2 protein chains.
Amino acid sequence: MLERIHLAIVQEVERQGSLTAAADILHVTQSALSHSMKKLEQQLGTHIWLREGRSLRLTQSGQYLLALAERVLPQLDLAEVRLREFARGERGTLRIGMECHPCYQWLLKVVSPYLAAWPDVDVDVKQKFQFGGIGALFGYEIDVLVTPDPLFKPGLRFEPVFDYEQVLVVAKGHPLASAAQVRPRQLAQEVLITYPVEIERLDIYQQFLLPAGITPRRHKTIETTDIMLQMVASGRGVAALPRWLVQEYADKLDVVPVRLGARGIAKQIFLGAREADTAIDYVRAFVALCSQTP
Amino acid sequence: MLERIHLAIVQEVERQGSLTAAADILHVTQSALSHSMKKLEQQLGTHIWLREGRSLRLTQSGQYLLALAERVLPQLDLAEVRLREFARGERGTLRIGMECHPCYQWLLKVVSPYLAAWPDVDVDVKQKFQFGGIGALFGYEIDVLVTPDPLFKPGLRFEPVFDYEQVLVVAKGHPLASAAQVRPRQLAQEVLITYPVEIERLDIYQQFLLPAGITPRRHKTIETTDIMLQMVASGRGVAALPRWLVQEYADKLDVVPVRLGARGIAKQIFLGAREADTAIDYVRAFVALCSQTP
DNA sequence: ATGATGAATGAGCCAAATTCATGGGTGTGT
DNA sequence: ACACACCCATGAATTTGGCTCATTCATCAT
């Protein structure tokens, strides 16, 4: 009924001053415009222009249409541009899922050069998923997933992005601070501070305490890395974190890393994405950037 | 290229959940929709839906289109209605949104001279909005908004239309009736009657009780001003209303206004409209009339 | 398995949009 | 005053593109 072309005609006629000129701009004949508008006028039951001599003057209806056109057409034009940008992978929102609390610090380092390189791509970070990180990937809640637990399933691609050692963090004055390594039973009388996630996902339990049949004296959970380390520094407990993270904080806080067991706990962080999305420039670029960043 | 029908399809598919159902609503075959959208997808170079099994899920492009549709289609629909109204010689309908309960009494005073001055314009008053009054303005649900909370955003214009003092209303025999002013703590044992809106929008809470850390003994809500004042007059509680409103009722009911705090609560009511609509004479006239009416 | 449901596809048709050809009306320059 | 340029309207011819129909393919539930 009232179509985009009608708005375009009204707008262009106003700009050009005549149907004929507008027809040229719109790459159709003057006749086509005349027919189109006549039909619209019949359907609406109102004239859009007053024919005065050989020129047209907008009626009230026409002015209303013109205002509508000026308001709506730019939105449609912009939409076409945007959609083509989406198509070429030049614009979009990269939704990053995090299944690894301390990785947040690492992510920040990657995101800032990424944002600089892709000014038209927005980044969104999500940390809670109804059906787990993998589910969020499959369910298109997120586009990439930062996780220590890759799952090689058809349709997904995981790449290791960095390795680190998970260590125990203790306060500088703590008896274990000068130890070369710590054994499970030495934690039996300690307060262990972790992020609030299931025990199954805490390596210090899975790979260290539980195999030895030990549990800590108490288990506290804290959301944020900063506060967690403050607590450790003040002697309220010990925590398990990546070595690089502890070293970064070592300047500001009196915390010391200690190897967990004789060999230490080696960890690897993976970046997962949907196979299909590797076609999208800005997704591929993010994965590539992460692989390069040590 | 990107036509109205495409937006309608995206919107309707989202509402109905399937192409087939949407096709019924739009009175065409499923095949037609499939062909149309396929063509659009080819022209844009991007998919609009991910075909998952037998259902469709919007891509980023699709979500963008959906947002565009929700924004643009109502405007086109409204335009058709308006233009037909113009065609019939009617001027149209001025849809007034109210976000301020007691203003209704004031509105009546403005509307009657307006109706007299604009016999071809109908007036419609709406009080419920899904996304708030501002949202209703942007979404073309209403044409003007009466509100105590203006929001100076591009595309909207707000003008103050009248000032008043918010006062406490008590029954004539009430202990506070003869007080020059009331303090927050004096309401601690009172029953407070308000309109049923969120506490954030009740000035007596925001500007009077909460800063003093006081809550009334009980809080009742009543929809209508008349009944509210009947309740106050019969000693069932106290309420906060505009002074002019209380004075109007003072003849019929035994209610007395009392200043809230030493300085009183000053309020200002604004009339908001879309910038683009200032071109419409009967909208402009309404705003002008409101500004003049004290 | 089997039927039901929903989307995709290709062929063919038809309506609607466009063009073509033309005429009427209005300013303008000589 | 007359010819000419310019602009819009109109009817008929033509072409395009959108729609339907018929069918296939895939998925899901029984």
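Since we're looking at a predicted model, the values are computed, not measured. Chain identifiers are assigned alphabetically (A, B, ...) following the order of the sequence lines, protein sequences preceding nucleic acid strands; residue numbering begins at 1 within each chain.
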Specify the separation, in whole Å, of atom CD of B/Glu3 and atom C1' of C/dA16. 14 Å

Heavy atoms under 4.0 Å, any strand shown: does B/Ser55 hit a base, just sugar-phosphate, or nothing? nothing

Rounded to whole Å, the CD1-P distance (B/Ile48 to C/dA7) equals 15 Å

Take atom CG of B/Leu56 and atom C1' of C/dA8, then tell me their distance rounded to the nearest Å. 11 Å

Base, sugar-phosphate alone, or nothing: which one does A/Thr20 contact when heavy atoms must sit under 4.0 Å apart? sugar-phosphate

Tell me whether the count of non-hydrogen atoms from other residues, nucleotides or ligands lying under 6.0 Å of CD in A/Glu223 goes above 12. no

By nearest-heavy-atom nucleotide on DNA chain C, the more 5' of B/Gly17 and B/His35 is B/Gly17

Between B/His27 and A/Leu19, whichever has its closest DNA chain D nucleotide further toward 5' is A/Leu19

Does A/Tyr140 have A/Arg274 sitting over its ring (NZ/CZ under 6.0 Å from centre, angle to axis within 45°)? yes

Is B/Glu41 paired with B/Arg51 through a side-chain N to carboxylate O contact shorter than 4.0 Å? yes

Base, sugar-phosphate alone, or nothing: which one does B/Ser31 contact when heavy atoms must sit under 4.0 Å apart? base

Between C1' on C/dA7 and CZ on B/Arg57, what's the gap in Å once rounded to a whole number? 17 Å

Counting C-beta onward and ignoring hydrogens, is there a side-chain heavy-atom pair between A/Pro150 and A/Phe152 closer than 4.5 Å? yes

So, does B/Lys38 get its side chain near the phosphate of C/dA8, meaning an N or O under 4.0 Å from OP1 or OP2? no

Applying the salt bridge (charged side-chain N to carboxylate O under 4.0 Å, His left out) test to A/Asp77, which of A/Arg4, A/Arg82, A/Arg84 qualifies? A/Arg4

At a 4.0 Å cut-off to heavy atoms of chain A, the contacted part of DNA chain D spans D/dA5 to D/dA12

Using whole Å, report how far CD of B/Gln30 lies from C1' of C/dT9. 10 Å

B/Glu41 CD to C/dA8 P: how many Å, rounded? 8 Å

Do B/Tyr64 and B/Leu58 touch side chain to side chain, with heavy atoms closer than 4.5 Å? no

Please report the distance, rounded to the nearest Å, between CG in A/Leu33 and P in C/dT18. 8 Å

From CG of A/Asp24 over to C1' of C/dT19, roughly how many Å is that when rounded to an integer? 14 Å

Run the salt-bridge test on A/Arg95 and A/Asp143 with the 4.0 Å N-O cut-off and return the result as yes or no. yes

